[in-house]
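Notes follow once the structure below has been shown.
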Number of protein chains: 2
Amino acid sequence: MVRKPTSKETARKPNMREAILAAAEELFATNGFNAVSVRDIAHAAGANPGSVTYHFKTKDGLLLEIYRRHCGPMNLRRSELLAAARRVRDLQDRLEAIVRAYVVPAFTSGSDLAGGGARFTRLRAVMSAEGNEVARKIIAQTFDDTSHAFIDAIHESLPHIPRTDIVWRSHFLLGALYYSLVTPERVSRLSRGEVDGSDAAGAIEQLVRATVAAFQAPALDQAASARRRPVVSSKT
Amino acid sequence: MVRKPTSKETARKPNMREAILAAAEELFATNGFNAVSVRDIAHAAGANPGSVTYHFKTKDGLLLEIYRRHCGPMNLRRSELLAAARRVRDLQDRLEAIVRAYVVPAFTSGSDLAGGGARFTRLRAVMSAEGNEVARKIIAQTFDDTSHAFIDAIHESLPHIPRTDIVWRSHFLLGALYYSLVTPERVSRLSRGEVDGSDAAGAIEQLVRATVAAFQAPALDQAASARRRPVVSSKT
DNA sequence: TGATCTTTTGTACGATAGTACAAATCACAT
DNA sequence: ATGTGATTTGTACTATCGTACAAAAGATCA
């Protein structure tokens with residue numbers, strides 16, 4: 001049942017299993033889960049459809065394994081960066097460091113695969129949009145702890161902002177992050193070719209700058225939101 | 001070929017066609033395009049699968065009609081609100097009015113259907129995540145003009161910020177907006193039940209407040225981004 | 001009422017989906 | 001070299017997909 005480690009275990013593994021995982025990740029991230037067939041994946045990986053069944057049992061199992069593969073490393077990286085960020089003295093600098101600790105691992109390689117970070121984050125974005133069941137379970141289990149840790153850290157560096165507002169702004173951050181990875185070409189189009197939406201470094205700097213400012217915005221006045229103005233101000 | 005208008009044309013239409021559109025909108029918006037079958041839609045609408053083919057010819061045609069139904073009203077509403085916002089004197093107030101003009105129609109009813117605005121926006125979010133072909137074409141045709149108009153308006157109220165940065169921040173805004181509609185329950189969860197992520201009015205106020213601050217952030221210094229620091233600051 | 005058009009129903013067809021499984025092949029310790 | 005377990009291949013099965021289409025039902029007006 002369990003594969004016995006051979007002498008060359010840690011060395012070269014021209015493994016079909018890896019190729020299938022990589023192909024599935026790429027296809028799921030760009031087309032969604034349901035639009036991609038097991039045969040598509042096998043073909044992209046240069047494998048036989050039966051191979052997918054052999055290694056991952058079901059299509060859901062394949063998705064599950066993709067998550068398992070990335071969640072650990074990415075959250076570990078985030079924890080490290082968050083711990084370092086918490087030690088920054090200046091509150092303004094600390095906030096930026098915290099945001100960076102959240103954003104950077106999402107764009108950069110979270111595992112040994114090149115570009116794995118961005119691809120996996122994009123995959124998560126697409127799965128959450130599709131309301132994928134498998135993904136929903138894993139995310140609630142794996143990411144909520146991390147999210148709470150970041151929210152707490154941000155709250156510490158912005159004590160005068162209610163936690164509620166910080167939750168909203170963190171949510172907006174994740175949405176912006178996801179969308180930047182899902183449709184980078186839209187940025188290129190709207191800027192009339194002046195910027196490349198696929199440039200991870202550029203996207204990170206812009207996202208960090210904008211998000212830090214958003215976090216620092218004054219909180220919504222509770223009294224004001226109680227006597228909140230109607231959603232539509234004029235009646236057409 | 002063209003349906004002849006009857007005497008009661010503008011009055012009651014207990015039309016199957018409408019029921020199918022509504023059901024499809026709801027199902028597509030929550031499960032994605034590919035996860036929903038024509039039979040699912042027909043069943044949810046209390047119709048026969050053949051009825052869908054009759055009214056919309058293909059599944060793509062059904063999606064197309066959903067877009068056609070909403071794009072006009074929503075962009076019209078946005079144009080009206082944008083025009084009004086442009087007339088606001090105070091630059092700070094004007095920026096907020098512009099952002100509100102962009103956000104509000106996405107949350108509130110863009111057509112005669114109750115909750116149609118939010119549902120359609122969520123649909124767009126899901127379609128863009130799935131990379132849906134039909135949606136991509138319509139969006140580039142229909143929404144880019146509106147987006148440019150908003151970007152221009154924002155740029156006018158923030159003349160010292162490069163257009164490039166405004167494009168990025170508008171993109172982040174749309175991502176945050178989309179994500180708020182896709183997974184409102186995440187906000188409830190992360191706030192430990194303190195806020196209701198499905199409360200449109202609350203979401204709008206939070207989004208407007210955060211986004212205005214993000215737009216007002218100082219621009220990225222061009223020189224600094226040329227000698228940009230590496231993506232990962234420490235090497236582990 | 002009967003003729004004509006629109007809408008709905010029921011059913012069927014070919015394509016493709018996920019998955020199962022036996023046979024073939026490979027890797028490697030002995 | 002040979003046997004053994006891991007992997008890959010090829011193929012087949014059943015279910016469901018989008019769509020087509022003929023027949024039934026409903027509506028409209030002479």
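In the text below, chain A, chain B and the rest are named by the order of the sequence lines, each starting its count at 1.
Distances shorter than 4.0 Å separate none of the side-chain N or O atoms of Asn48(B) from OP1 or OP2 on dT8(C). Taking side-chain N and O atoms only, Ser37(B) has no distance below 4.0 Å to OP1 or OP2 of dT16(D). For dT8(D), neither phosphate oxygen OP1 nor OP2 lies less than 4.0 angstrom from any side-chain nitrogen or oxygen of Tyr54(A).
Distance His43(B) NE2 to dT8(C) P: 17 Å, rounded to the nearest Å. Atom P of nucleotide dG18(D) and atom CG of Leu27(B) are separated by 12 Å, given to the nearest angstrom. Spacing between atom CE of Met16(B) and atom P of dA25(D) amounts to 18 Å, rounded to whole angstrom units. Nucleotide dC17(D) holds its P atom 11 Å from the CD1 atom of Ile41(B), rounded to whole Å. The distance from atom CG of Asn34(A) to atom P of dT16(C) is 18 Å, rounded to the nearest whole Å. Atom-to-atom, CZ of Arg17(B) to P of dT7(C) comes out at 9 Å; the value is rounded to the nearest Å. Spacing between atom CG of Asn15(A) and atom P of dT7(D) amounts to 7 Å, rounded to whole angstrom units. The separation between Asp40(A) atom CG and dC17(D) atom P is 18 Å, rounded to whole Å.
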Could you walk me through whether Leu177(B) and Tyr179(A) pass the side chain to side chain contact (heavy atoms under 4.5 Å, CB included) test, one step at a time? CA-CA 10 Å; Leu177(B) 172 52; Tyr179(A) 194 53; over 6 Å; no

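For Gly46(B) and Lys59(A), each mapped to the nucleotide of DNA chain C holding its nearest heavy atom, the one lying further toward the 5' end belongs to Gly46(B). Both Lys57(B) and Arg39(A) lie near DNA chain D, and the one whose nearest nucleotide falls closer to the 5' end is Arg39(A).
When atom types are taken as modelled, the side chain of Ser51(A) and the backbone of Ala47(A) share no donor-acceptor pair closer than 3.5 angstrom.
A salt bridge links Arg17(B) with Glu65(B): the distance from a Lys NZ or Arg NE/NH1/NH2 to an Asp or Glu carboxylate oxygen falls below 4.0 Å. With respect to Arg100(A) and Glu205(A), a salt bridge is recorded, a charged nitrogen being found less than 4.0 Å from a carboxylate O.
For Thr53(B), taking side-chain heavy atoms from C-beta onward, the closest of the listed nucleotides dG10(D), dT19(C), dT19(D) is dT19(D). Candidate nucleotides dT8(C), dT8(D), dT19(D) were compared by shortest atom distance to the side chain of His55(A), and dT8(D) ranks first.
Classified by interplanar angle (parallel below 30°, tilted 30° to 60°, perpendicular above 60°), the ring pair Phe120(B)/His70(B) is parallel.
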